[in-house]
Each structure stands twice: as structure tokens, then as C-alpha cells.
2 protein chains.
Amino acid sequence: MLDIPKRDRRAERRAATRAEILDAAWAQVRANGLAALSLRDLARTVGMQAPSLYSYFDSKHAIYDAMYAQGARQFVEAEPSDQPGDPLEGLKQLVRFYVGFCAADAARYLLLFQRTIPGFEPSAESFAISEGSLERVGQRMAACGITDPDAVDLFTAIGTGLTDQQLSNDPGGDRWIRLIDDAVEMFHDYMTKKAKQPPARRRAR
Amino acid sequence: MLDIPKRDRRAERRAATRAEILDAAWAQVRANGLAALSLRDLARTVGMQAPSLYSYFDSKHAIYDAMYAQGARQFVEAEPSDQPGDPLEGLKQLVRFYVGFCAADAARYLLLFQRTIPGFEPSAESFAISEGSLERVGQRMAACGITDPDAVDLFTAIGTGLTDQQLSNDPGGDRWIRLIDDAVEMFHDYMTKKAKQPPARRRAR
DNA sequence: GTCTATATTTGGATAGAC
DNA sequence: GTCTATCCAAATATAGAC
């Protein structure tokens with residue numbers, strides 16, 4: 001008996017329609033803002049009446065959930081994995097990726113990394129991507145010889161600051177994106193210099 | 001004829017009621033989020049029916065406008081004005097003030113510095129506070145001998161990054177607030193070192 | 001100035017025919 | 001699976017009596 005994989009044409013069509021709905025949903029939130037997703041408009045866009053959407057998604061939140069999962073998958077699949085030879089370059093690479101990923105789609109950034117949808121909590125997957133990413137940051141930092149426990153917090157602040165300014169004040173441009181390498185060098189210089197100081201010299205607070 | 005200032009008791013009462021409404025509006029957005037301001041609930045809180053609010057404000061946007069003006073006034077009145085002797089301390093002071101001001105009231109931060117209310121544009125006053133503040137940043141930076149044109153952008157990215165992380169991941173705490181002084185020293189070290197390098201050494205992009 | 005009553009729009013979600 | 005019809009809730013805003 002030949003091993004022909006069973007194709008379920010009905011399931012395939014259903015998955016295709018789901019994908020089509022999600023694509024339209026992304027287009028809508030990019031155009032009108034993340035919170036302005038309307039099931040009526042969404043249905044019209046894909047040539048349906050609003051109630052028909054419920055054959056594909058249980059609720060509006062379920063659509064956000066699916067969009068979140070898509071965005072999270074895009075993030076982990078695009079994240080640079082292999083550490084380059086220069087450890088400093090490894091840090092730059094992470095920030096370039098993160099800021100670039102966020103700046104490429106503001107709505108996706110808000111959905112994944114900010115909490116702006118009232119009542120929407122992406123549960124486990126949220127921690128998965130952010131903790132996985134934070135772990136990688138820690139590893140690459142250790143490769144640079146940076147062990148200060150505050151270093152990761154300062155590093156993430158730099159990354160989100162560049163992202164926030166880029167999206168808020170120069171969307172579509174590169175005014176803060178082109179500062180990334182300098183910012184990471186600044187961070188690296190400071191942390192490596194600080195590590196050489198005896199702990200007693202650091203002032204108490 | 002004695003110079004007794006004319007008191008308009010009616011105008012006083014009206015102003016007091018307006019202030020009462022605004023206080024209730026702030027309480028509501030702090031509790032439910034900036035975008036969740038409901039005129040019905042707001043009216044109930046101050047013991048009115050919803051339509052009565054229109055005797056005090058022309059529209060919901062007018063309430064946001066008044067809230068914006070209040071927040072902007074709070075910002076400029078609390079902003080540190082006199083430059084301390086140590087120029088580096090001057091920079092730290094600015095960031096401490098900005099992050100502290102934002103962290104003290106997340107809803108106010110969103111209204112003043114992020115654009116999250118659809119269709120709400122605070123017009124002239126918005127530029128007034130941010131440009132006035134940016135000007136002060138430039139002055140204090142010059143006092144440190146920092147003249148790099150990118151310095152202000154990098155500095156603001158650090159400030160907003162600390163703010164964003166503090167509000168997003170440790171609201172009410174001080175996990176990023178206590179990194180402010182270190183972050184400013186990091187920035188200062190880097191910019192002063194960079195200034196001593198001959199411009200030719202800086203890589204082209 | 002404040003109320004009741006209402007207009008109008010828009011939203012998410014459900015019932016049931018086909 | 002898709003539709004029509006409908007429900008229900010909430011929103012801003014207006015008209016007009018008192």
C-alpha cells in the first residue's frame with residue numbers, strides 16, 4: 001500500500017480562509033490602530049457578513065490571540081541565532097534585530113511587546129518569547145565579560161528607548177536606528193570599565 | 001472708592017465644578033486606562049447625568065484637552081530650572097525628573113508624551129513643552145562640553161527607555177529608576193570620550 | 001444648569017433558516 | 001458555512017421641558 005498522505009481538502013480550505021481573515025485583520029490594525037479592529041469591517045473586507053467570522057474564530061480575542069501567535073512566530077524565526085566571532089558585534093546584532101523588527105510594524109510591536117489591548121493577555125506565549133530573548137541577551141553579555149546584574153536591565157532600556165523614539169518621532173525613517181551601533185558601544189565601554197573597578201568604589205544608594 | 005476686586009460667585013462655582021469634573025476624569029483614566037474615559041461614568045461620579053457635562057465641556061475631546069493642559073502645566077512647573085554646579089549632575093537631574101514625573105502617573109504620561117487617543121492632537125501646547133524641554137537638554141549638554149548633533153537623540157532614547165521599562169515591567173517600583181545615574185554617567189563618559197577623537201576616525205555609514 | 005428622553009452610531013455576539 | 005435578522009450593550013451628542 002502506497003504511503004500517500006491523506007489530504008483533507010475541507011481543512012485546507014478552512015485554514016486558507018483563516019489565514020485570509022488574519023491578513024485582513026493585520027491590514028486593518030496597521031491602517032487604523034491596533035485597538036480599532038472591527039469585526040464588521042473585517043468581515044466586509046473578506047466578503048463575508050460579520051457572524052460568519054464566528055465559524056473561524058470564537059471571538060474577537062481569539063483573533064488577537066492568533067495574530068499574537070503569528071507575530072511571536074515571526075519574531076523567533078527571524079531572531080539571529082548564531083553568535084558572531086566578535087562578542088560586541090553579537091550585542092549589536094540583537095539590538096539591530098529587535099529595533100528593526102519593531103520599527104517594521106508598529107501595530108505588531110504594540111500587540112507583542114506593549115499591553116494596549118484591554119483585557120487581552122497572551123498568557124504563556126508572551127513569556128516564552130520575551131524570556132527566550134532575555135536569555136540570549138544574558139548569554140551574549142557574558143561572552144563580552146559583562147556580569148553585572150543590572151546590565152541586562154540597562155541594556156533592555158536602551159533597546160526599548162531607541163525603538164520607542166524611532167516609532168514615535170520618526171516612523172519609517174532611521175533617525176534612531178542609525179544610533180544603534182554607537183549606543184551598544186557606549187553600553188559596552190561602560191560595563192567593561194565598571195567591571196574593572198573594585199566593588200567598594202561603587203557608591204551606595 | 002475702595003479697590004475691592006469684583007468676585008463673580010457664579011464663575012467661581014463654575015470653575016470649581018470644572019475642576020471637580022477633571023479630577024474625576026483623572027481618577028477614571030488612572031483606574032481604567034486613558035482611552036476608557038466614559039462620559040456616563042464620569043457624570044455619575046460627580047452626581048450628574050451625562051448631558052449635564054456639556055454645560056462645562058463642549059465634547060469629550062475638550063475634556064482631554066483640559067487634562068492635557070493640566071498635565072503640561074504640572075510638567076513645566078515642576079521641571080528643575082537652576083543648573084547645579086556640576087554639569088553632569090545637571091543631566092542626571094533632568095532624567096530623574098522626567099522618569100519620575102512619568103512613572104508617577106502612567107495615564108498622564110500616555111496623554112502627554114505618547115499619542116494613544118485616536119484623533120486627539122493637543123496642537124500647539126504639545127510642541128511647547130517638548131521643545132522647551134529639549135532646549136534645556138541641549139543647554140545642559142553644552143555645559144558638559146557635548147556638542148555632537150546625535151547626542152540629544154541618544155540621550156532622549158535613554159530617558160524614554162528607562163521610563164518605558166519602568167512603567168511596563170515594574171510599575172510602582174524603582175527597578176529602572178535606580179539605574180538613572182549610572183545610565184547618565186555611561187552616556188557622559190561615551191560622549192566626552194568621543195569628542196576627543198578626530199572626526200576622521202569615526203566610521204562612515 | 002440640570003434633567004428626561006431620544007437620536008445615532010457602533011460595537012460584539014447569538015438564533016435559526018437555508 | 002453563510003446568510004438575515006436580531007439582541008444587547010455602550011458610546012457621544014442633541015432637543016427641549018423645567
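Below, chains carry the letters A, B, ... as their sequence lines are ordered, and counting in each starts from 1. All values derive from a computational prediction rather than experimental measurement.
Position along DNA chain C of the nearest nucleotide to A:Asp41 versus A:Asp58 favours A:Asp41 as the more 5'-ward residue. Between B:Tyr54 and A:Arg14, the residue anchored nearer the 5' end of DNA chain D, judged by the nucleotide with its closest heavy atom, is A:Arg14. Toward the 5′ end of DNA chain D lies the nearest nucleotide of A:Gly47, the other residue of the pair A:Arg40 and A:Gly47 mapping further downstream.
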* Just do the side chain to side chain contact (heavy atoms under 4.5 Å, CB included) check on A:Val137 and A:Leu94 with the steps written out, would you? => CA-CA 8 Å; A:Val137 169; A:Leu94 287 184; 3.9 Å; yes

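Residue-level contact check: B:Ser52 touches the bases, meaning some heavy atom is under 4.0 Å from a base atom. Contact annotation for A:Leu37: backbone-only contact, meaning every heavy-atom pair under 4.0 Å involves sugar-phosphate atoms and none involves a base. In this structure, B:Tyr56 reaches the sugar-phosphate backbone alone: every heavy-atom distance under 4.0 Å involves primed, P, OP1 or OP2 atoms, never a base.
Contact footprint of chain A on DNA chain D: nucleotides with an atom under 4.0 Å from a non-hydrogen protein atom, first to last in 5' to 3' order, D:dG1 to D:dA5.
Across the protein-nucleic acid pair, B:Arg44 atom CZ and C:dT4 atom C1' stand 12 Å apart, rounded to whole Å. For the pair A:Ile63 CD1 and C:dG11 C1', the interatomic distance rounds to 13 Å; values are reported in whole Å. Put simply, NE2 on A:His61 is 9 Å from P on C:dA13, counting in whole angstrom units. As rounded to whole Å, 15 Å separates atom C1' of C:dT10 from atom CG of A:Leu42.
Taking the charged nitrogens against the carboxylate oxygens, A:Asp8 and A:Arg14 have no contact shorter than 4.0 Å, which rules out a salt bridge. B:Lys194 has a carboxylate O that lies under 4.0 Å from a charged side-chain N of A:Asp182, or vice versa, which qualifies the two as a salt bridge.
Applying the salt bridge (charged side-chain N to carboxylate O under 4.0 Å, His left out) definition to pairs two or more places apart or across chains, those involving residues 57-79 of chain A are A:Glu79-A:Arg136.
Figure legend: cation-pi geometry between A:Arg108 and A:Phe113 absent, as NZ or CZ is not positioned both under 6.0 Å from the six-membered ring centre and within 45° of its axis.
Checked against side-chain hydrogen bond (donor to acceptor under 3.5 Å, both in side chains), B:Glu89 has the following partners two or more places apart in sequence or in another chain: B:Arg96.
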